[in-house]
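Please read all numbers here as calculations on a predicted model, not as lab measurements. Order of appearance sets the numbers: ligands from 1, and atoms from 1 within every ligand.
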Amino acid sequence: MKTLKGRLVLWYALLFTVMAMGVFFYIYTILVHDMGRRVDEELIDDALEIVDIFAESGLQATAREIHLEVDEEDHGRVFYRIFSPQQVVLAATNLESWQHLAIRPEKIPEQGEMNFASLIVPGHEFKVRSIYRHMQGGYLLQIGFEPVENGRLLQLFYESFGVAFAVLVLSGSFLGFLISRRALKGIDRLRESFERVGQENFNQPVAVGREGLEIETLIKAYNQMQQRIQTLIEELHNVTNNIAHDLRSPITRIRGMAETTLTSPQSVPAYQEMTGNVVEECDNLVGMISTMLEIAEADAGVIEIKPVRLDISAMIQDVSELFAPVAEDKKIDLLLELPAEPLLLYGDKTRLQRALANLLDNALKYTPREGKVTLSGIREDSQLHVSVEDTGIGISAKEQKYIFDRFYRVDLSRSTHGNGLGLSLVKSIVFLHHGSIKVISVEGKGSCFHLYLPIASVDSSEWQ
Ligand code: ADP
């Protein structure tokens, strides 16, 4: 009985038993009560009739009458007795079958009253119902009746109930078994799927059947969870591969530089140059690792954001000033489209600066000389809309799906410096501020990155 199925079967059997018992007792009580009432009514009628005859015609006539009342074949079922005031039997019907009756009345009623008794008389199968009734002059009448038909009927009722009871309990258990089997089919399939997962066959979703909404929802939730874990595993796999690849290149370069310097004629300037390059590569490596950690932390939700009141407009201006020399170098027009009033927002200053810088860095990086980059900001209802638009190489529709993934770099951009983490970090920072990011881009024409940041983007209790 450890299984749910077993318990359900047991519960159904129990339910059917209790219900069958309840119905039985209800019908039985009504039946017994009604039969008893009819017998008693008949006894009262008969007794009153005799009492009247006794009052009118005396003992002799009543003795004859009671003989007439009982047919020959009824002697075994009915008897009449008349007692004297001294409780001695004066007259009676044929008592052949009633030899074991008590000689004296068991229960004498009050004067003018009557009472009933149910007697067990040896030689008689059923209980005998008897009435005592006072008659004129202190005489006492007793009529006894063995309700054989009623007894047989009740016996039949018992027997048929026994059969019905067995059928009900069996069919209840069977029904419980069928219902539980059907209801738990989905769970069984889930269990099988869990077992498959245990045996490393992970990406097989459980088929949704028709076992009821609850089970279907459970299976759907499980499939979603499985899908999510699968995606995470794949992501982890990709990230691990990418990390291995992206760390190997700079380390190989560092080693190569060191080796070349060691094997070539050694001079102080050559060592200095090599050391400088190694430091630069190490800085890049450290930068990459910190960015990776930051993205991982942001995605895992363990970053503690420090929200302050910010003017995004001023921030955009600062970033554009920072990158102005790069733009100038490439003869790129760096334009600002900002409203006169400040664009206020509660957010993490350093992180938002980094996000803007990454986007602007990309725009300048992927825009050929003499292009144009436009930074704009505007308030739209309860959010700020910031965009970074360029007239650069653009991104194909296919690639647009992946550029926010960690380490993803479009092939075309392999020649430019970068590690494919920039947009991933921007996305994490935007999500950290409960905002969203999208890109609209046409290959060969340019791209526009749109950021939407809710003004009170972080919990107001955290505001400083
Ligand atoms: P990267 O370090 O390579 O710039 P990012 O994560 O910042 O990495 O960007 C991912 C890829 O998206 C880039 O390799 C580049 O191919 C593409 N990309 C990003 N910004 C732009 C842009 N403004 N114009 C064209 N391509 C872009």
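With a 4.0 Å heavy-atom cut-off, ligand 1 is reached by the side chain of I395 but not by its N, CA, C or O. Contacts between D390 and ligand 1, counted as non-hydrogen atom pairs separated by less than 4.0 Å, involve the side chain only. The part of K365 lying near ligand 1 is the side chain, judged by heavy-atom distances below 4.0 Å.
Remark: the backbone N or O of I429 is paired with a side-chain donor or acceptor of H433 at under 3.5 angstrom. Although no hydrogens or angles enter the test, the distance criterion places no donor-acceptor pair under 3.5 Å between the side chain of D348 and the main chain of P307. Side chain of S118 to backbone of K127: no donor-acceptor contact under 3.5 angstrom is found.
Atoms of ligand 1 found under 4.0 Å from any heavy atom of G420 (numbered from 1 in listed order, with element): 1 (P), 2 (O), 3 (O), 6 (O), 8 (O). Within ligand 1, counting atoms from 1 as listed, the ones closer than 4.0 Å to a heavy atom of G422 are 5 (P), 6 (O), 7 (O). Near V410, the atoms of ligand 1 lying under 4.0 angstrom from a non-hydrogen atom of the residue are 14 (O), 16 (O).
A salt bridge between E149 and R77 is present, with a side-chain N of the basic residue lying under 4.0 Å from a carboxylate O of the acidic one. Classification of E41 and R37 as a salt-bridged pair holds, one side-chain N sitting under 4.0 Å from a carboxylate O.
Inter-residue side-chain proximity for N362 and V388 is flagged as unmet; no heavy-atom pair is nearer than 4.5 Å.
Taking the six-membered ring wherever Trp is involved, the centroid distance between the rings of Y12 and F174 does not fall below 6.0 Å.
Taking distance alone, with nitrogen or oxygen atoms compared against 3.5 Å, R409 approaches ligand 1 more closely than that limit.
Counting only non-hydrogen atoms, the option in Y366, Y408, Y402 that gets closest to atom 24 (N) of ligand 1 is Y366.
Within the 4.0 Å heavy-atom cutoff, F404 does not count among the residues contacting ligand 1.
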